[in-house]
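Only one structure is covered here, and it is reproduced in the block below.
Atoms within a ligand are numbered from 1 in the order they appear, just like the ligands themselves. Basis for what follows: all heavy atoms, side chains included, without hydrogens, waters or symmetry-related copies. In this chain, numbering begins with 1 at the start of the sequence shown.
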Amino acid sequence: MRRVRVYRVSSLVIRQRDLGEADRVIILYTAERGKLSAVAKGVKRGRSKLAGGLQLFSHAQVQLAAGRSLEVATQVQPIELFYRLREEMSRYVYACYVAELLDNLVDEGRSDRAVFDLLLATFRALDAGADPPTVVHAFELRLLSRLGYGPEITHCVNCRAPAKTAKAGFSVPQGGVICGRCLSTHRAVALGPAALRAMRELVELPVEQLAARRLSSSVRDELDRILRAFVDYQLSRPLRTVRFLVR
Ligand SMILES: [Zn+2]
């Protein structure tokens with residue numbers, strides 16, 4: 001008889017889909033193995049012991065058995081259930097966006113502990129009451145940068161000189177900030193000093209500290225526009241959740 005390989009992972013649920021009447025396929029982002037899909041058998045029936053820790057966004061320790069095509073979740077120990085992310089619509093849509101963005105940008109089978117930590121810190125901050133747009137812009141900037149997409153926000157993407165906040169622009173196709181000197185010869189959208197400073201803070205401050213911050217509405221409008229264009233430029237397909245984000 002073939003021996004079934006069993007292992008445990010720390011996981012966050014980023015997507016689910018139904019499989020027949022009783023089962024679900026759960027897409028997890030794990031600390032140890034990155035993104036992976038697992039079947040949760042019987043999870044749609046009441047009283048399944050697997051259900052709690054496999055709800056959308058939940059943080060759990062999951063025991064998996066290697067299956068022929070998909071892994072099978074055999075035991076689940078919930079750690080943090082992040083109720084507010086599912087119950088408050090304004091947080092739910094941002095958490096969905098975060099999960100969908102990650103799902104869109106990473107393939108299965110590549111592990112990156114820093115990405116797991118970023119996702120966990122983001123869910124925690126959103127669940128603890130932080131301002132969703134502030135936390136989510138920090139997530140976008142950090143995730144894209146970790147995955148190698150940029151944007152470059154300290155040096156001019158054209159001449160490589162350090163970009164001062166006083167006069168700068170942003171080029172979506174070039175992937176970052178355009179300095180004051182290059183602005184006259186290069187196409188860029190306006191990027192005000194406060195918005196560029198905010199971008200740098202969102203990347204540098206620990207996510208936990210962002211919980212106490214809230215972007216001013218003008219800076220937020222600017223980042224909404226620039227980051228939406230920049231993120232969309234990097235994606236293979238448009239995100240479904242974008243149109244639900246509260247503007
Ligand atoms: Zn320049």
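- Both tests do not hold together for R228 against Y233: distance to the six-membered ring centre under 6.0 Å, angle to the ring axis within 45°.
- Residues passing the side-chain contact (heavy atoms from CB on, under 4.5 Å) test with R8, sequence neighbours excluded: Q61, Q63, Q75, Q77.
- The shortest heavy-atom contact between R86 and S58 is NH1-OG, 3.7 Å.
- Relative orientation of the F57 and Y92 rings is perpendicular, given thresholds of 30° and 60° on the angle between their planes.
- The Zn ion (ligand 1) has C156 SG, C159 SG, C179 SG, C182 SG as protein N, O or S atoms under 2.8 Å away.
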* Does the pair Y83 and E88 meet the rule for a side-chain hydrogen bond (donor to acceptor under 3.5 Å, both in side chains), with working shown? -> CA-CA 8 Å; Y83 287 110; E88 290 179 25; over 6 Å; no

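- The hydrophobic cluster containing V207 does not contain I79, counting ILVMFWY residues as joined when their side-chain heavy atoms lie under 4.5 angstrom apart, directly or transitively.
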